[in-house]
Amino acid sequence: MKPDPFFITTAIDYTNGAPHIGHAYEKVLADVLARHQRQRGREVFFLTGVDQHGQKVQQSAAKLGVDPAEFVAANTGKFLALWKTLGISHDRWAATTDPVHTACVREILSRVHSDGFIYKARQAGFYSVRQEQFVTDKERGADGSFGPEWGEVVELEEENYYFRLMDHREWLLGFIDSHGDFIAPEFRRAELRNAVEKLAGDLCISRPKSRLSWGIELPFDSDYVTYVWFDALVNYLSFAPGFDPAPGADLTTFRRFWSGIVHVIGKDILVPPHGVYWPVMLHALGFADDQIPRLLVHGWWNIAGAKMSKSVGNIVDPVDLCERYGTDAVRYFLVRDIAVGQDADFAESRLVSRANAELANGLGNLLNRTLNMAKRYRSGRLVPVKDPDEATIVLRSMFPSCVETFCRRMDAFAVHSALDTVVGLVSAANAYVDTTAPWKLAKQPEQGVQLDNVLGTLAAAIRIAATLLQSVIPGKAAVILDQLRIAPVSLDGVPADAGFADFPDGHVLGDPLPVFPRIETTPDDAGT
Ligand code: MSP
């Protein structure tokens with residue numbers, strides 16, 4: 001049976017500033033998962049983009065004295081340029097000012113409005129400008145003030161439109177309880193459930209134009225624009241393959257893709273937007289329980305335990321890192337040095353030591369010594385493995401299980417531990433070089449078969465490592481396969497035996513050229 005397509009989305013990034021390493025992590029993580037599933041032969045649709053509306057954008061543009069449209073266009077350009085540098089392979093670009101999206105948001109608003117899910121009410125109270133929402137006494141700290149996360153808090157009285165969130169609270173609790181796979185990692189489900197239990201009011205989905213004009217006008221009241229989160233979440237529908245908001249549209253393609261959807265988001269936007277507003281919006285639109293998207297909630301990159309922020313001045317610029325260390329070293333580090341779901345501390349020295357240990361000394365060294373020995377002793381020519389000795393049998397027995405474990409872990413989104421299997425294979429192969437000592441075998445003509453076995457087995461191990469790493473370091477993996485002069489192995493199905501990665505009889509390997517030069521600088525992490 002053909003597997004479901006894999007429809008993967010990321011959060012759409014706010015365009016009130018430039019991208020930092022946290023934004024880059026999320027896109028690389030999603031890109032690695034998308035590329036891997038493509039390698040597995042699955043149909044993949046990868047959606048990412050930018051969130052261009054909202055009060056923050058309007059304020060930042062006003063500060064600079066420029067039009068919000070001009071302001072977001074410039075910042076959007078920065079995100080697009082970085083995704084190009086980082087090799088992000090999205091299939092579609094979601095921009096919330098795109099007319100496709102604005103039409104979709106308006107159509108959906110009209111629908112929920114005419115279905116009775118929206119009402120108008122007056123609210124007076126405290127309003128957080130930064131979070132663009134009313135805050136209640138619950139949000140006050142022990143000293144009675146609102147914490148710094150709320151930014152400037154002002155008193156406001158306003159008439160607005162509300163979406164009947166509370167009507168769906170019981171449904172949402174039941175849904176969370178009965179869908180163990182709704183959220184990965186699992187521990188976030190309890191966090192969400194607690195938040196839903198405490199849910200105390202409906203969702204305000206409008207902002208008066210007198211206060212915020214930079215948004216999508218409500219289809220049923222031209223004095224208002226749509227609240228930025230209601231607007232932003234709808235991007236997952238607007239840009240989904242085959243989606244058409246028009247009543248009675250043919251949604252066959254859409255439904256096929258939607259059944260395999262996973263939203264990759266950071267932990268800060270699980271509660272309430274993706275864990276409450278979004279499922280409830282979809283439920284109100286008539287989506288069945290099995291059409292509620294799964295959430296992959298990743299942790300945050302911090303700096304020495306603290307949040308990255310402009311005011312602290314500890315923002316790490318991914319453009320600069322890519323220039324200094326190369327795109328693939330940055331991509332590798334971002335998914336290797338953090339366990340998906342957990343937070344981690346970003347330190348440039350760790351990037352350097354990972355790249356040196358695992359890429360330069362590990363895989364690079366293995367490739368270099370294998371190609372050199374093959375060239376010196378056999379003019380690069382390989383022959384099939386015959387009567388392998390114990391060490392060869394042991395290493396070869398790792399091949400199918402390495403691929404199988406890697407794929408299983410990638411299916412569970414555990415990229416960091418999937419990479420453990422590649423690192424394990426590469427170090428086992430390097431140890432195998434040391435124990436079999438091909439330079440000694442080369443001096444003993446009666447050991448010719450064993451020498452061929454060692455070279456063929458090493459080449460197969462590198463081919464497997466490069467194949468598995470294609471999703472993580474696509475550029476470098478291609479260079480390695482090029483030097484081996486071989487195609488990657490197929491990941492469409494689990495390999496049945498150790499021979500799946502062997503080269504054809506008489507295959508001639510290419511010349512060794514350095515792929516991962518050692519990074520000689522020792523960064524001062526105090527600067528990050
Ligand atoms: N625009 C909203 C998302 C709307 S989705 C319908 C938003 N934008 S954001 O620019 O603030 O954040 C975008 C993504 O980057 C979020 O998933 C967020 O968690 C992630 N990250 C922002 N800083 C991060 C780190 N320091 N580390 C890892 N990811 C972080 O929220």
Side-chain angles (χ1 to χ4, degrees), residues 8-31 47-57 60 72 75-76 78-79 82-83 86 88 94-98 101 104-105 108 130-133 149 151 183 188 215-216 226-240 261-279 281-282 293 295-310 312 314-318 321 333-335 337-347 415 528:
I8 184 164
T9 70
T10 71
I12 50 173
D13 298 301
Y14 284 129
T15 44
N16 59 330
H20 61 56
I21 202 74
H23 303 120
Y25 165 55
E26 182 177 282
K27 277 58 195 177
V28 170
L29 172 62
D31 185 65
L47 176 67
T48 190
V50 279
D51 192 350
Q52 298 166 309
H53 289 130
Q55 195 138 8
K56 281 180 245 182
V57 166
S60 309
V72 293
N75 279 335
T76 298
K78 294 180 194 161
F79 283 89
L82 177 61
W83 301 159
L86 278 170
I88 304 302
T96 54
T97 52
D98 186 325
H101 174 72
C104 188
V105 169
I108 283 171
R130 175 189 286 179
Q131 302 292 347
E132 302 186 33
Q133 65 181 72
E149 69 275 23
I183 304 177
R188 296 271 176 210
I216 301 174
T226 312
Y227 170 49
V228 69
W229 269 107
F230 196 101
D231 164 352
L233 288 162
V234 170
N235 94 86
Y236 301 131
L237 287 175
S238 312
F239 302 102
I261 192 165
V262 176
H263 295 312
V264 180
I265 55 165
K267 61 178 187 176
D268 57 317
I269 56 172
L270 169 64
V271 179
H274 287 84
V276 183
Y277 304 161
W278 185 226
M281 284 162 69
L282 291 171
L295 304 174
L296 171 59
V297 185
H298 63 75
W300 270 38
W301 281 105
N302 296 320
I303 307 293
K307 202 174 153 174
M308 257 182 274
S309 88
K310 260 194 232 160
V312 178
N314 61 355
I315 300 263
V316 178
D317 175 8
L321 286 179
F333 179 72
L334 284 179
V335 291
D337 215 50
I338 190 169
V340 175
Q342 307 293 327
D343 290 353
D345 268 328
F346 184 90
V415 181
T528 53

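Counting convention: from 1, in listed order, for ligands and their atoms alike. Residue indices begin at 1 and follow the sequence shown.
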Looking only at heavy atoms, the pair that brings Trp300 and Ile338 closest together is O-CD1, 4.2 Å
One should read off an interatomic distance between Thr9 OG1 and Phe239 CZ, to the nearest 0.5 angstrom, of 12.5 Å
Atom 13 (C) of ligand 1 sits nearest the protein heavy atom Asp13 OD1, 3.1 Å
among protein heavy atoms, the one nearest atom 23 (N) of ligand 1 is His20 CE1, 3.3 Å
So CG of Leu270 and CG of Leu295: to nearest 0.5 Å the spacing works out to 6.5 Å
Any heavy atom of His298 under 4.0 Å from ligand 1? The part involved is side chain
Closest non-hydrogen atoms of Val234 and Cys104, given as atom of the first, atom of the second and distance, are CG1-SG, 4.0 Å
Atoms of ligand 1 under 4.0 Å from any heavy atom of Asp51, numbered from 1 in the order shown, are 1 (N), 2 (C), 4 (C)
Atoms of ligand 1 under 4.0 Å from any heavy atom of Met308, numbered from 1 in the order shown, are 26 (N)
Rounded to the nearest 0.5 Å, the NZ atom of Lys56 sits from the OH atom of Tyr14 at a distance of 4.5 Å
Check: Does at least one non-hydrogen atom of Trp229 fall below 4.0 angstrom from an atom of ligand 1?
Finding: yes
Note: ligand 1 atoms sitting under 4.0 Å from heavy atoms of Ala232 are 6 (C)
Numbered in order shown, the ligand 1 atoms found under 4.0 Å of a heavy atom of Tyr236 are 5 (S), 6 (C)
CG of Asp268 to CD of Glu149, rounded to nearest 0.5 Å, is 12.0 Å
*Is Pro273 in contact with ligand 1, taking contact as a heavy-atom separation below 4.0 Å?*
no
Looking at Ala344, Gly22, Pro19, the heavy atom closest to atom 25 (C) of ligand 1 belongs to Gly22
Pairs of nitrogen or oxygen atoms closer than 3.5 Å, one from Lys27 and one from ligand 1: do any exist?
no
If you scan protein heavy atoms around atom 2 (C) of ligand 1, the nearest is Ile12 O, 3.4 Å
Taking every heavy atom of Val57 against every heavy atom of Asn16, the minimum-distance pair comes out as CG2-CB, 4.0 Å
Distance col, row Leu86:CG vs His23:NE2, nearest 0.5 angstrom, shows 13.0 Å
Within 4.0 Å of some non-hydrogen atom of His274, the atoms of ligand 1 are 5 (S), 6 (C)
Checking heavy-atom distances from atom 30 (C) of ligand 1 to each of Tyr25, Trp300, Tyr14, the winner is Trp300
Note: heavy atom closest to atom 31 (O) of ligand 1, options Leu270, Leu334, Ile269, belongs to Ile269
A student checking ligand 1 against Gly266 at a 4.0 Å heavy-atom cut-off should list atoms 17 (O), 19 (O)
Correct closest heavy-atom pair for Val264 and Ala30 would be CG2-CB, 4.2 Å
Checking the side chain of His274 only, and the main-chain atoms of Gly266 only, is there a donor and an acceptor separated by less than 3.5 Å?
no
Within 4.0 Å of some non-hydrogen atom of Gly299, the atoms of ligand 1 are 28 (C)
When distances are taken from atom 15 (O) of ligand 1, the protein heavy atom at minimum range is His23 CD2, 3.7 Å
Output for pair (His101 NE2, Asp231 CG), nearest 0.5 Å, gives 4.0 Å
The protein heavy atom nearest to atom 27 (N) of ligand 1 is Trp301 N, 3.0 Å
Scanning both residues in full, the closest heavy-atom pair of Val276 with Pro279 reads O-CD, 3.3 Å
Are the aromatic rings of Phe346 and His20 close, with centres under 6.0 Å apart? no
Any heavy atom of Asp268 under 4.0 Å from ligand 1? The part involved is side chain
Under 4.0 Å from one or more heavy atoms of Glu26, ligand 1 contributes atoms 14 (C), 15 (O), 16 (C), 17 (O), 20 (C)
